[in-house]
Each structure stands twice: as C-alpha cells, then as structure tokens.
*Asks:* 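To start, I am sharing the structure in question, which I have written as structure tokens.
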Protein chains: 2
Amino acid sequence: MQKRVTQRDVAARAGVSQAAVSRVMAEHGYVAEDVRARIMEAAAALGYRPDPVARTLITGRSNIVAVVVGNVVNPFFPVALSALTEALRQEDREVLLFNAAPGQNIDDLIPGVLRYKVAGIIVMTVALGSRAAEFCADAGVPYVLFHRYAEQGGAFAVACDSGAGGREAARHLVATGCRTMAYVGGLEDSSPNRDRANGFIAGLREAGLAPVEHLNGAFTYDWGREAINGLLYRHPDLDAVFCGDDAIACGVVDALRYDLGRKVPDEVSVIGFDDVPQANWAAYRLTTVRQPLEAMIAQTLTLLKHPEDEARRLHLLPGEMIIRATTRR
Amino acid sequence: MQKRVTQRDVAARAGVSQAAVSRVMAEHGYVAEDVRARIMEAAAALGYRPDPVARTLITGRSNIVAVVVGNVVNPFFPVALSALTEALRQEDREVLLFNAAPGQNIDDLIPGVLRYKVAGIIVMTVALGSRAAEFCADAGVPYVLFHRYAEQGGAFAVACDSGAGGREAARHLVATGCRTMAYVGGLEDSSPNRDRANGFIAGLREAGLAPVEHLNGAFTYDWGREAINGLLYRHPDLDAVFCGDDAIACGVVDALRYDLGRKVPDEVSVIGFDDVPQANWAAYRLTTVRQPLEAMIAQTLTLLKHPEDEARRLHLLPGEMIIRATTRR
DNA sequence: CTGAAAGCGCTAACAG
DNA sequence: CTGTTAGCGCTTTCAG
C-alpha cells in the first residue's frame with residue numbers, strides 16, 4: 001500500500017513551493033523556464049501523476065464526460081459507444097456511463113450526473129426529458145444529444161440526416177421498380193424515426209407515390225419480424241419495405257424469408273438504416289443508409305469542447321446509401 | 001447557475017454543526033434520533049445531495065466501479081456491459097468505462113484508473129496484464145476478471161465454465177452422429193478459447209474421437225467465415241464445427257451456406273458459444289452454449305463488495321446448452 | 001515570477 | 001451524543 005506521490009513531494013525534490021508545482025501541472029500562471037524544467041524533472045523522477053479528484057473538487061470541473069445510454073440491445077449502440085469512448089480516450093477524457101432504466105426520464109437522471117462535475121454530457125437514449133438541457137445550462141455543463149434531437153429545450157444535437165436518408169431510400173426503391181411500399185419504424189416518438197418516415201414519404205411523393213402503410217414500434221429485430229407478418233397479410237402485393245433501422249430490417253428480411261416464404265429482394269425489397277456490422281453479414285447483405293459515425297463523433301467532441309463558439313444547435317450530417325443485396329438492381 | 005446546497009446549509013437550517021450532518025449522511029458515528037430527523041428534514045427541504053467528489057477526496061474511495069473493455073465489436077460485450085451497468089446502478093454505483101486500445105496491456109492502464117479512487121475494477125478485455133492485480137492489491141482495490149481468468153496473478157475471476165460447455169458441445173455432436181469435427185477458436189491466448197478447445201477435445205475423446213483440426217484466430221464473424229473456407233478445402237468430409245463464440249459461428253454458418261453451398265445442419269453441424277441475441281435470429285437459429293450472465297454478474301458484485309470473505313479466486317459458473325437448428329436432431 | 005495561505009465540501013479524530 | 005478542528009491534494013488569489 002504505497003503512498004501516492006503528491007505535489008508536495010515534487011516541490012520538495014525540486015526545491016520549490018507546492019504552488020509552483022501546481023502552476024506547472026495546471027498550465028496556469030507563469031513559471032520561469034528553468035524552474036519549470038526542474039519541476040518536470042522531479043515529477044518524472046518521482047512518477048508523479050495529478051490527482052483528478054482533488055483537482056475536480058477545487059475547480060468544480062472534471063475531465064470526465066458522462067454518456068447516458070438506454071436501448072442497449074440495439075446493435076448500433078455498441079458501435080457508437082465504442083467509437084465515442086475511443087475518441088474521448090484520445091483526448092484524455094474518461095467516460096462515466098449511465099444506463100437509463102427503461103422508460104426513465106432523463107430529467108430525473110441529470111441532477112445525479114451533474115454531481116460528478118462532469119465536463120459534458122452526451123445523451124444517446126431515445127426517451128427524452130424536457131428540462132435536462134436547462135439543468136445542464138444552469139450548471140454550465142455542455143449537453144449534447146447524440147443520434148437524435150429534441151424539438152425544444154435548445155440542446156445541442158448531432159445526428160445523421162435521417163430525412164435525407166429516408167428520401168434516398170425511397171428514390172432507390174422507386175428507381176428499382178418498387179411501387180407498393182411500407183415503412184416499418186421504430187419508437188414512434190423519436191426524431192430519427194419521424195425523420196426517416198417523413199423523408200421516405202417525401203421521396204415517394206416525388207414519384208407520385210405514397211406508402212401503403214406506416215407502422216411504428218421499437219428499434220428491435222423482434223418488432224420487425226412481427227410487423228411484416230401483418231403487413232404482408234394486409235398487402236399481399238407489397239414489394240418494398242423501408243425500415244427504421246438495421247435491426248428491424250433484419251427481422252423483416254428473416255420473416256419474409258423464413259416465416260412467409262418470400263424472396264428478398266426478388267419479391268420484396270428491404271432497406272435498413274445505420275449500417276451496423278450485421279448488415280453486411282452474408283445472411284443479410286442489407287441495403288442500408290450508413291450513419292456518418294466518425295463525423296458525428298467529431299462534431300460532438302467539438303460541441304463539447306467549444307459550445308460557445310457554435311450558434312447552431314442542430315447538426316445533421318449526411319448519411320451514405322449502401323446498396324447491397326436486399327434491393328433489386 | 002445556482003449554488004449547490006452544502007452540508008453547511010443543511011446544518012444552519014437544522015441548527016446543528018456541519019459535522020453532525022456529515023455523520024448522518026455518511027451513516028457513521030452516533031447521532032441522536034431527533035437530531036437526525038431534523039437534519040434529514042432540513043436536507044430534504046433544501047434538496048441536499050452529497051458531493052461525491054469531496055467525499056472521495058477525503059475517504060480515498062469513491063462509489064465508482066471501473067469497467068475495462070476491449071473487443072467491443074463482439075456482440076457479447078454490449079449484452080454483458082449493459083447487464084453489468086444495470087446491476088451496478090441498482091446498487092447506486094456508477095460505472096467509469098475504460099476502452100483498452102487494441103493490443104494495449106492492462107498493466108499500463110490500471111495506474112491511471114486507480115487515480116480515480118475507484119471502488120473496484122472489472123476487466124472484460126481478453127488481453128491481460130501480469131501486474132495489474134498486484135497494483136490493485138497494493139491500492140486495496142478489488143479487481144475482478146470477468147468472462148475469463150488468468151493463470152497467475154491471483155486475481156479474482158468470474159467466468160462461464162467453458163470447459164464443461166465445450167464438453168457438452170462435443171457430446172451433442174457425437175450423439176447426433178457427427179464424426180469429422182473441427183474447432184474454430186478465437187484469440188489463442190485467452191482462457192475461454194483454451195477451455196472451450198480443451199473441453200471439446202476431452203468430450204470427443206470420451207467417444208474415442210479427436211478433432212481433425214484446431215484453429216485459432218479472433219472472436220469475429222470475419223474470422224469464422226475465413227477459417228471454414230480453408231478447413232472445408234482440407235477436410236471435404238467435415239461434418240461438424242464447434243466455434244469459439246457465436247460471432248465466429250455465424251461466420252461459419254454463412255460461409256458454409258453462401259460461400260460453399262453446404263447445408264447446415266444436414267451436411268455440417270455448427271455450435272457456437274455465448275447465446276447472443278443474433279444467435280436466435282431466424283437466419284441462424286444457432287445451437288450454442290448460453291453464458292450464465294445473471295449469475296456471473298451477481299458473483300462479480302459479491303466479489304467486489306466482499307473480496308475478503310472469499311478465499312476462492314476462480315469462479316466458473318455452468319453454462320446451458322441451447323439446442324436450435326444448426327445441429328441435427 | 002514565486003511562495004504563503006486560504007479554501008473546495010466533506011470526513012474523522014478528538015474533546016467536551 | 002455533539003461541536004470543534006484538522007486536513008484530503010490541489011488551485012488560486014494575494015503579497016512580496
């Protein structure tokens with residue numbers, strides 16, 4: 001149980017005051033070059049590393065970023081979380097992970113998060129609160145919604161341009177000869193779901209078409225599988241389905257092939273959204289809209305670091321249509 | 001930007017000293033019942049919530065548990081992480097998430113983690129360090145390996161009994177008439193991989209059989225897909241493959257069906273390990289060995305909370321064979 | 001430019 | 001049982 005090396009130890013070895021060491025470590029205030037060198041040397045020799053807890057106590061700000069996640073079963077989550085923590089790690093920031101309970105309002109969670117004096121909060125859940133942004137603003141903590149946005153609250157938000165993605169999906173289906181189409185969405189009350197649906201509808205309208213049906217449910221494989229069964233029963237001539245995300249799409253494809261005996265894409269085309277790893281598995285080879293994950297993360301970090309520089313609240317980044325084998329040529 | 005409520009404020013309102021408030025909040029030391037009631041009332045009225053940073057600074061221990069993850073692409077990770085954070089949340093403990101860079105030694109990571117005065121460290125990466133357990137022991141921080149264990153270092157470890165699982169898989173394949181079998185493993189130098197391989201080999205030996213080949217690679221879909229191609233070329237009469245995990249197994253199944261035109265399970269049986277959500281998707285319906293996730297997490301939390309009560313270092317929990325449609329009846 | 005000194009909010013002896 | 005008193009390790013005035 002060895003004692004930690006403190007700034008006092010470094011100061012003693014360098015023959016300076018502890019305050020001088022602090023100034024060097026915090027890169028704050030002026031220190032003569034030779035003194036700074038002596039201090040750095042002493043710190044290195046002693047293996048000194050600053051105590052983040054003590055620093056946070058006094059400054060009221062840590063280098064920890066809170067990430068609030070919710071629907072963890074969705075395969076997009078681990079991909080996004082992993083890329084995010086990796087990016088944060090490269091900036092020497094840690095990630096405090098909060099798991100919102102199903103149905104839990106973010107508003108109830110944020111005050112608890114704020115107690116940790118986090119440097120910022122990134123919210124990846126679908127269920128939103130209305131006052132969370134306000135709490136964070138009061139505390140001076142940057143608050144960024146990732147992957148979706150809120151109509152009100154004035155929070156920063158970074159997301160894929162789902163509307164454009166939905167439109168592209170519609171155009172691709174129209175261009176490949178589909179006419180009787182449906183949208184199988186995820187959580188009704190979420191911005192990606194709304195935008196994907198609206199974009200899809202808008203894209204069909206360009207061709208003078210309209211979806212025969214528009215379903216909402218959850219961003220899950222099981223929902224996709226369930227939804228398509230009823231859908232195909234009501235519309236036996238259905239020739240295309242645009243899905244809220246890849247998980248739903250996989251469920252739809254599987255149900256079409258294994259529950260309903262339809263050929264994908266020959267009889268029914270299917271398009272997903274996200275481009276999760278499974279989308280490219282040989283069993284699916286899903287045509288989908290890839291989220292611009294790298295760009296979304298970069299934008300999120302910029303917002304976290306310099307929220308004041310950025311007047312624009314909503315940042316929608318264009319996705320990329322990935323054409324594989326669940327749509328016709 | 002409203003001021004936080006501090007113990008001093010509570011003390012003033014309750015007409016007691018700040019120390020009395022601390023004793024009530026920390027549940028440490030004696031306080032008269034009526035005084036305690038007054039304090040609780042004042043705290044509630046003011047909306048007081050303790051400052052975890054200040055508390056950590058003085059006690060040298062936070063209520064934060066560090067979770068170190070690595071191979072995030074593997075679908076078992078989000079399932080495990082999600083269940084773990086959920087369990088931790090129920091104990092009012094937070095999760096500090098560390099993403100080990102690919103190939104990074106845990107030993108280099110742990111000292112940085114320890115600076116946060118975490119209440120415990122749970123390691124879910126496959127790459128191990130040799131001194132991490134020692135560092136943690138020196139700092140008095142419980143250290144638990146999750147999902148795999150180390151031969152040396154004396155760290156606590158909680159994992160599925162992969163050896164028993166491998167043996168069961170072998171028995172099931174033998175019982176369903178397979179004779180020419182191979183093991184397609186993941187990361188060679190990891191305990192789950194070794195145990196699954198050894199268990200499988202032992203299980204075959206019971207029937208007087210031996211695997212025709214034994215490959216190691218990575219716990220990924222792509223590796224499974226690649227491995228089976230060469231394997232089937234060298235052993236055209238192969239009739240079963242036991243895989244290091246479900247991701248590999250999905251790759252093997254897909255390659256057999258779509259790259260090699262074989263029928264699963266009629267021509268080749270495939271068994272995975274973990275029972276991730278995808279294993280039950282209709283495109284796979286994978287026979288697999290389910291990890292006892294709930295039990296593993298419960299055991300991990302117990303070890304974290306009372307490490308001194310537990311003499312046994314290694315806790316192997318039995319998995320459950322889930323028979324689906326990638327093995328014959 | 002540097003050191004002394006005052007805390008950040010809380011816990012933990014220690015008297016009373 | 002309760003209040004007083006030191007700090008935890010660090011940042012940040014404030015003199016010098």
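It should be emphasised that the depicted structure is a prediction, and the values quoted were computed from it without experimental measurement. Letters A, B, ... are given to chains in the order of the sequence lines, protein chains preceding strands, and every chain is numbered from 1.
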*Asks:* Rounded to the nearest angstrom, tell me the gap between atom CZ in A:R8 and atom C1' in C:dG3.
*Replies:* 14 Å

*Asks:* With a cut-off of less than 4.0 Å, is there a side-chain N or O of B:R61 near OP1 or OP2 of C:dC10?
*Replies:* no

*Asks:* Over all heavy atoms of both residues, which pair between A:A132 and A:I110 is shortest? Give the atoms and the distance, please.
*Replies:* CB-CG1, 3.6 Å

*Asks:* Which residue lies toward the 5' end of DNA chain D, B:R36 or B:K117, if each is placed at its nearest nucleotide?
*Replies:* B:R36

*Asks:* Quick check on DNA chain C: between B:D51 and A:G15, whose nearest nucleotide comes earlier from the 5' end?
*Replies:* A:G15

*Asks:* Mind checking if B:V53 touches a base, just sugar-phosphate, or nothing, with heavy atoms under 4.0 Å?
*Replies:* nothing

*Asks:* Can you see if the side chain of A:R4 gets near the phosphate of D:dC8 - specifically, an N or O under 4.0 Å from OP1 or OP2?
*Replies:* no

*Asks:* Give the rounded distance in Å between these two atoms: CD1 of A:I39 and P of C:dC1.
*Replies:* 13 Å

*Asks:* Looking at side-chain heavy atoms only, is the closest gap between A:I122 and A:V158 below 4.5 Å?
*Replies:* no

*Asks:* With sequence neighbours excluded, tell me which residues meet side chain to side chain contact (heavy atoms under 4.5 Å, CB included) with B:L57.
*Replies:* A:V53, A:A54, A:L57

*Asks:* Can you name the closest pair of heavy atoms from B:A80 and B:I297 and give their distance?
*Replies:* O-CD1, 4.3 Å

*Asks:* Which letter, B, S or -, goes with each nucleotide of nucleotides 11-16 of chain C from 5' to 3', with contact meaning a protein heavy atom under 4.0 Å?
*Replies:* BBB---

*Asks:* Could you give me the CA-CA distance, side-chain angles and deciding distance for B:F76 and B:H147, then say whether ring-ring contact (aromatic ring centres under 6.0 Å, His included) is met?
*Replies:* CA-CA 10 Å; B:F76 179 63; B:H147 179 233; 4.9 Å; yes

*Asks:* Sequence neighbours excluded, which residues qualify as side chain to side chain donor-acceptor pair (under 3.5 Å) partners of B:S62?
*Replies:* none

*Asks:* What is the separation between atom CG on A:L46 and atom C1' on D:dG9, rounded to the nearest whole Å?
*Replies:* 15 Å

*Asks:* Look at the side chain of B:L57 and decide which nucleotide, out of C:dC10, D:dG9, D:dC1, has an atom nearest to it.
*Replies:* D:dG9

*Asks:* Round to a whole Å and report the spacing from OH of A:Y116 to P of C:dC8.
*Replies:* 22 Å

